[in-house]
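To start, the structure under review is shown below, and the notes come after it.
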Amino acid sequence: MERVLVIGSSGQIGSELVLALRKKFGNVNVFATDIKNPPDEIRNGGPFQILDVLDYRNLLHFLVRHNITQVYNLAAVLSGNAEKIPLQAWDINMKALMNTLEAARQSDAKKLFWPSSIAVFGPTTPRHNTPQLTVMEPNTVYGISKLAGERWGEYYCHRYGIDFRSVRYPGLISYKTEPGGGTTDYAVEIYFEAIKKGSYECFVSADTALPMMFMDDAIENTLRLMDVGSDHLSLRSSYNMAGISFTAEELHQSIKKYLPNFSTTYKPDFRQAIADSWPASIDDSIAQKDWGMKTEYDLDKMTKVMLEKIGEQLNGPKN
Ligand code: SER
């Protein structure tokens, strides 16, 4: 019987992952925690508790008291926000991971999921079809912390037997909880603004291409990676995960197919430089081979669902 802890359950990934995990393991076996209040669906569907992952003693106590066997640690300061508070962001992102790794070592919570990101790559990395193993010189605080985290995860796996598993998420697109402070946030904001205002001012240029993934695909693949037997995993750092690559202009055009009057203007800010340092497309053949990574959504299919769901949230269900 698995007993699961999710750290960061009020965030963009956590608020959806908790629901999938509760379905899989049963509501009472999935403990949602965050330092922020969760959406109602999370609070009402099973145990929720305020828990600060930076408080090591409390975290360890929680794992032992609830007989936790696996942890999903999703707490992080994202790329855009991290550039505003570099030292603090480094401190938070690394301490959140190191506390979880150490607490795993000192308890029965031996299986750990921790998300990495396309941000581990940098301007010297090949930009197209970026391989799993390549030059990695990230130049953002967030990217540096993710790369360091991958190394620590692999180290704890080999040295202490922690079952560390990780993917390099592309930009994640979802309608339930918006992301906060990331560079790929434009690809979520654009859908909300399309429904609310019919126009969007985009903070990266029209030709900016980045890999993205619809949240349903991200959750499915996360569960897939966590389910597979250890002997399938040839990597214990973090797996490339490609998703779908498109430019901001292609995203705009996809929305226009459903909302012909939608308009976008482009006004790049400091996040343009971050986007330019990341890959435009990714090679995830090792993830496909090792644990069957696959996706269901292309750009237009995702756009259709995003617009429908956001429309329902803001205006009530269509009959
Ligand atoms: N989506 C994240 C960000 O933009 C990258 O992992 O910060």
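Computed over heavy atoms, backbone and side chain alike; hydrogens, waters and symmetry mates excluded. Counting starts at 1 for both ligands and their atoms, in listed order. Because the structure is a prediction, the values reported are computed rather than measured.
- Residues passing the side chain to side chain contact (heavy atoms under 4.5 Å, CB included) test with A242, sequence neighbours excluded: I282, D284.
- In terms of heavy-atom proximity, K110 sits nearest to S107 at NZ-O, 2.7 Å.
- Of all the heavy atoms in F164 and S237, the pair that sits closest is CE2-O, 3.4 Å.
- Taking the six-membered ring where tryptophan is involved, the planes of W291 and Y239 are perpendicular, since the angle between them exceeds 60° and thus also 30°.
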Ligand 1: which protein N/O atoms lie under 3.5 Å from its N/O atoms?
residue: ligand 1; atom: 1 (N); partner: T184; partner atom: OG1; Å: 2.8
residue: ligand 1; atom: 4 (O); partner: S79; partner atom: OG; Å: 3.3
residue: ligand 1; atom: 4 (O); partner: T183; partner atom: N; Å: 2.6
residue: ligand 1; atom: 4 (O); partner: T184; partner atom: N; Å: 3.0
residue: ligand 1; atom: 4 (O); partner: T184; partner atom: OG1; Å: 3.4
residue: ligand 1; atom: 6 (O); partner: S117; partner atom: OG; Å: 2.7
residue: ligand 1; atom: 6 (O); partner: Y142; partner atom: OH; Å: 3.1
residue: ligand 1; atom: 7 (O); partner: S79; partner atom: N; Å: 3.1
residue: ligand 1; atom: 7 (O); partner: S79; partner atom: OG; Å: 2.6

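- Considering only residues two or more places apart in sequence or on other chains, T100 meets the side chain to side chain contact (heavy atoms under 4.5 Å, CB included) condition with I7, V53, L59, V71, N73, L112.
- Take Y155 and apply the side chain to side chain donor-acceptor pair (under 3.5 Å) test, not counting sequence neighbours, and it matches R159.
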